[in-house]
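To start, the structure itself, in structure tokens.
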Amino acid sequence: MSHPEFDEKELLKTILEPLLEDFTYWFSRSQQKLKQQQLSCISLQQQQDLLARIEQALKEVDCAKLLFNATDQKAGVTMEVVAGWHQLVTECWLVAQRDRQAKDNQDS
């Protein structure tokens, strides 16, 4: 079903642009935390691995933003790629939650 008020370009701008900004925000926030301190809930190797994956995802998101803007907002991102980024954000949230719980347990 087609909606005349939305063409593909508008739809991409409405959905993709804020989504890419959200990924940038969450990946940057996680990157900063992982660089600032050793988390007690994961090993140093796991933390380094997570940080490397976040930094790679940040590069990919930046590239997607550049392509989106360079193509006059006509380039999209495959659902497979978005799903991978979403999984990584979810992993970051879970690690942050486990870290907060570990700190709360230490304070108790």
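Here the structure is a predicted model, which means the values were calculated and not measured.
At least one donor-acceptor pair under 3.5 Å links the side chain of Q47 to the backbone N or O of L34. The backbone N or O of R29 lies less than 3.5 Å from no partner atom in the side chain of Q32, so there is not a single donor-acceptor pair.
A pairwise comparison of heavy atoms in T14 and P18 identifies O-CG, 3.1 Å as the closest pair. Contact record, L12 with A75: CD1-O, 4.0 Å, taken as the closest heavy-atom pair. Smallest separation of non-hydrogen atoms from S28 and L58: OG-CD2, 3.7 Å.
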Check the pair K103 / D99 against salt bridge (charged side-chain N to carboxylate O under 4.0 Å, His left out), numbers first and verdict last. CA-CA 6 Å; K103 287 179 181 175; D99 186 56; 3.4 Å; yes
Criterion side chain to side chain contact (heavy atoms under 4.5 Å, CB included) on E17 and Q73, from CA distance to verdict: CA-CA 9 Å; E17 194 169 48; Q73 301 163 341; 4.1 Å; yes
Before you tell me yes or no, could you show the steps for F23 and L88 under side chain to side chain contact (heavy atoms under 4.5 Å, CB included), namely the whole-Å CA-CA distance, both residues' side-chain angles and the distance that decides it to 0.1 Å? CA-CA 10 Å; F23 282 127; L88 184 55; over 6 Å; no
Apply side chain to side chain contact (heavy atoms under 4.5 Å, CB included) to E60 and V77, showing your working. CA-CA 10 Å; E60 292 169 1; V77 179; over 6 Å; no
Check against salt bridge (charged side-chain N to carboxylate O under 4.0 Å, His left out), E55 and K35: CA-CA 11 Å; E55 289 176 340; K35 282 185 170 185; 3.5 Å; yes
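Linking ILVMFWY side-chain heavy atoms closer than 4.5 Å, directly or via other members, places L50 and Y25 in a single hydrophobic cluster. Linking Ile, Leu, Val, Met, Phe, Trp and Tyr whenever their side-chain heavy atoms come within less than 4.5 Å puts L16 and V81 in one cluster. In this structure, I42 is a member of the same hydrophobic cluster as W93, with clusters built from ILVMFWY side-chain heavy atoms closer than 4.5 Å.
Among residues two or more places apart in sequence or in another chain, the salt bridge (Lys or Arg N to Asp or Glu O under 4.0 Å) test is passed with D49 by R53.
Rounded to the nearest 0.5 Å, atoms SG (C41) and CD (Q97) are 10.0 Å apart. The NE2 atom of H86 sits 11.5 Å away from atom CH2 of W26, with the distance rounded to the nearest 0.5 Å. Here the CD atom belonging to Q48 is positioned 8.0 Å from the CG atom belonging to L51, to the nearest 0.5 angstrom.
Contact annotation: the side chain of W85 approaches that of L20 to within less than 4.5 Å [non-hydrogen atoms, C-beta and beyond]. By the 4.5 Å heavy-atom criterion applied to side chains, Q37 and K33 are counted as neighbours.
Q87 and E91 form no side-chain donor-acceptor contact under 3.5 Å, judged by distance and modelled atom types alone.
Within a 6.0 Å sphere centred on CZ of R98, heavy atoms belonging to other residues, nucleotides or ligands number more than 12. Counted within 6.0 Å of CD on E80, heavy atoms from surrounding residues, nucleotides or ligands total 12 or fewer; the atom is thus considered open.
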